[in-house]
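For this chain, numbers begin at 1 and follow the sequence in order. The structure presented is a predicted model; accordingly, all values stated were derived computationally and were not measured.
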Amino acid sequence: MALTGRAALLAALGSVPIGIWDPGWTGILAVNAPLAVACACDFALAAPVRRLGLTRSGDTSVRLGETADVTLTVTNPSGRPLRARLRDAWPPSTWLPGTETAASRHSLTVPAGERRRVTTRLRPTRRGDRHADRVTIRSYGPLGLLTRQGTHRVPWTVRVLPPFTSRKHLPSKLSRLRELDGRTSVLTRGEGTEFDSLREYVPGDDTRSIDWRATARHSTVAVRTWRPERDRHILLVLDTGRTSAGRVGDAPRLDAAMDAALLLAALASRAGDRVDLLAHDRRVRALLQGRSAGDVLPSLVNAMATLEPELVETDARGLTAATLRSAPRRSLIVLFTTLDAAPIEEGLLPLLPQLTQRHTVLVASVADPYVARMAEARGHTDAVYEAAAAAQAQSERRNIADRLRRHGVTVVDATPEELPPALADAYLELKAAGRL
């Protein structure tokens with residue numbers, strides 16, 4: 001038998017068995033009226049979503065690899081209790097893969113006129129600013145038959161900072177710095193060093209350091225100790241062009257350069273030197289100047305957090321001009337860039353005399369450890385070809401480094417793990433030699 005349109009709809013929903021019983025409208029109403037009343041009551045008793053008040057609090061910054069907690073306070077101004085499921089949406093890079101569903105969804109109950117807090121734990125996988133998206137709330141009635149749903153915009157930003165994993169090397173480098181500062185019996189001499197103090201001669205001291213006038217006034221032989229000059233200017237220059245986007249392991253080369261720059265900045269600020277930052281590709285991406293010793297490291301970390309490699313060829317002439325503007329007097333220029341032949345030969349080499357004429361220049365480059373492993377591979381034909389290609393790449397890097405050294409440039413070429421301590425050692429050697 002044929003059913004009317006409404007009866008057919010109810011039958012499709014399971015309320016009326018098709019072809020078995022057609023009680024007519026009276027029977028349909030008798031069967032479904034209690035369910036309709038229950039649904040209506042359940043919907044009416046569900047707390048309204050749009051009237052809810054939402055505010056945020058919690059962490060505004062976190063180091064890459066660590067967790068941040070952002071708390072969402074939900075206020076229920078209505079006269080009905082809120083029984084809800086809540087989704088706090090953030091960009092995908094805010095979570096470890098596969099953890100977004102569990103971390104962003106919460107169940108909560110808020111009595112009428114009260115407030116409750118839920119905390120979302122973030123674990124970002126990339127540097128930069130992460131902005132909160134919308135908050136979606138589904139409010140249930142006491143029977144759970146019908147729900148109200150709505151979204152709210154509750155702005156919040158968490159800045160993901162560089163991890164600074166090379167911090168572990170800082171104590172050993174500071175120990176060596178104290179030796180250079182003359183705080184131990186190690187003697188430091190060199191052009192550009194400053195007289196520090198007098199002490200008693202011990203066997204092994206350089207006889208040229210004996211202060212004969214002081215010796216004549218005392219009953220013991222006195223020697224002069226020296227310390228490296230302070231208040232030197234160091235400009236960290238990050239090349240953020242195309243070559244900085246190449247991945248070495250799990251991170252871009254730019255991230256490895258940042259880690260080495262942070263260790264050098266921490267060491268130099270402890271040595272009493274002033275540290276500035278310039279990031280450049282075709283234009284200035286970041287410029288940090290004039291920070292005090294106590295503020296330089298937090299400022300650098302904050303400035304580096306939002307830097308990303310740009311897929312453009314670096315303008316070497318513009319980078320050189322920006323460097324000279326940022327370093328008006330004699331400085332140590334630490335340039336973090338590639339040792340690939342084309343960018344150096346066509347870009348940096350012709351402009352080096354402009355930098356080396358006035359400044360001490362140090363080039364720091366991130367080497368790929370995979371190339372070294374390829375160079376040692378043997379055992380089958382493909383491995384031999386890979387080893388030959390790796391050996392050729394290493395030879396080209398050494399040739400470029402030698403050409404830079406012939407122009408008076410200090411070159412540090414090391415893997416991401418080895419670059420930070422190697423760069424710090426190069427800085428200390430320059431300081432000990434009085435070249436800053």
Side-chain angles (χ1 to χ4, degrees), residues 127-128 162 231-246 252-262 264-265 268-269 273-292 295-297 299-340 342-366 400 403-404 407-412 419 423 426-427 430 435-436:
R127 288 182 298 100
D231 198 31
R232 303 295 91 184
H233 181 225
I234 299 173
L235 179 61
L236 306 175
V237 182
L238 290 174
D239 177 0
T240 55
R242 172 186 58 82
T243 57
S244 68
R253 277 189 166 88
L254 180 60
D255 286 37
M258 287 180 181
D259 195 40
L262 289 174
L264 178 58
S269 61
D273 292 334
R274 296 182 298 106
V275 181
D276 292 340
L277 171 71
L278 170 67
H280 192 284
D281 40 73
R282 286 192 175 275
R283 62 180 178 87
V284 174
R285 300 289 176 177
L287 181 61
L288 190 70
Q289 294 177 306
R291 295 299 190 273
S292 63
D295 187 48
V296 64
L297 197 59
S299 299
L300 283 175
V301 169
N302 194 56
M304 290 177 178
T306 56
L307 287 177
E308 294 293 343
E310 300 293 331
L311 300 182
V312 295
E313 202 68 43
T314 299
D315 177 11
R317 191 172 299 278
L319 185 147
T320 302
T323 299
L324 293 174
R325 287 195 302 270
S326 303
R329 63 186 183 90
R330 182 170 180 80
S331 308
L332 171 62
I333 308 296
V334 184
L335 175 59
F336 296 86
T337 188
T338 182
L339 285 182
D340 294 346
I344 295 294
E345 292 176 345
E346 300 173 8
L348 183 61
L349 275 177
L351 302 170
L352 264 182
Q354 299 180 34
L355 295 175
T356 56
Q357 182 180 7
R358 184 190 306 174
H359 306 293
T360 301
V361 180
L362 191 158
V363 170
S365 183
V366 181
I400 291 296
R403 294 182 64 180
L404 290 173
H407 284 78
V409 176
T410 301
V411 179
V412 178
L419 182 62
L423 181 60
Y427 162 76
L430 290 172
R435 294 182 56 189
L436 300 187

- prompt: Taking the side chain from Ser365 and the backbone from Thr337, do they hold a donor-acceptor pair closer than 3.5 Å?
  reply: yes
message: If I compare all heavy atoms of Ala316 with all of Leu348, which pair ends up nearest, and what's the gap?
response: CB-N, 4.2 Å
message: Tell me the closest heavy-atom pair linking Pro343 and Glu313, and the distance in Å.
response: CG-OE2, 4.3 Å
task: Carefully, step by step, assess Thr320 and Leu352 under the rule side-chain contact (heavy atoms from CB on, under 4.5 Å).
output: CA-CA 8 Å; Thr320 302; Leu352 264 182; over 6 Å; no
field: Point-to-point distance, once rounded to the nearest 0.5 Å, from CG of Leu419 to CZ of Phe336
entry: 7.0 Å
task: May I ask you to test the Arg127-Met304 pair for a side-chain heavy-atom distance under 4.5 Å?
output: no
message: Tell me if a side-chain donor or acceptor on Arg253 pairs with a main-chain N or O of Val366 at a distance below 3.5 Å.
response: yes
message: Quick check: closest heavy atoms across Gln354 and Leu324, and the distance to 0.1 Å?
response: O-CD2, 3.8 Å
- prompt: With distance as the sole test, does Arg274 use its side chain to make a donor-acceptor pair with the main-chain N or O of His233 at under 3.5 Å?
  reply: no
Donor-acceptor contact present, side-chain Arg291 to main-chain Gln289, <3.5 Å: yes
message: Give me the atom names and distance for the closest heavy-atom approach of Leu235 to Ala327.
response: CD2-CB, 4.2 Å
message: I'd like to check Arg330 versus Thr360 (side-chain heavy atoms, cut-off strictly below 4.5 Å). Are they in contact?
response: yes
query: Rounded to the nearest 0.5 Å, how far apart are CG of Leu278 and OG1 of Thr323?
result: 5.0 Å
Asp281 versus Thr314, closest heavy-atom pair with distance: O-CG2, 3.6 Å
query: Are any side-chain N or O atoms of Arg317 and backbone N or O atoms of Leu351, one a donor and one an acceptor, separated by less than 3.5 Å?
result: no
Leu339/Val363 under side-chain contact (heavy atoms from CB on, under 4.5 Å): CA gap, chis, key distance, verdict: CA-CA 9 Å; Leu339 285 182; Val363 170; 4.3 Å; yes
Reported CG-to-CG distance for the pair Leu236 and Leu362, which is rounded to 0.5 angstrom: 10.5 Å
task: Kindly indicate whether the side chain of Leu332, heavy atoms from C-beta on, has any atom under 4.5 Å from the side chain of Asp273.
output: no
- line: One should read off an interatomic distance between Asp295 CG and Leu288 CG, to the nearest 0.5 angstrom, of 8.0 Å
task: State, to 0.1 Å, how close Ser269 and Val275 come at their nearest heavy-atom pair, and which atoms those are.
output: N-CG2, 4.4 Å
message: Go through it in stages, so that I can follow the logic: the residues are Met258 and Leu307, the test is side-chain contact (heavy atoms from CB on, under 4.5 Å), and I'd like the CA-CA distance, side-chain angles, deciding distance and then a yes or no.
response: CA-CA 10 Å; Met258 287 180 181; Leu307 287 177; 3.6 Å; yes
field: pair Val411-Ile400: side-chain heavy atoms closer than 4.5 Å
entry: no
task: Find the distance between CG (Leu254) and CD (Glu308) and round it off to the nearest 0.5 Å.
output: 7.5 Å
- prompt: For the side chain of Asp276 and the backbone of Leu287, is there at least one donor-acceptor N/O pair under 3.5 Å apart?
  reply: no
field: Leu355 side chain reached by Val409 side chain, heavy atoms, under 4.5 Å
entry: no
message: If we ignore hydrogens and angles and just use 3.5 Å, is the side chain of Thr243 paired with the main-chain N or O of Gly241 as donor and acceptor?
response: no
- request: Check for a donor-acceptor pair, side chain of Thr240 on one end and backbone N or O of His280 on the other, with a separation under 3.5 Å.
  value: yes
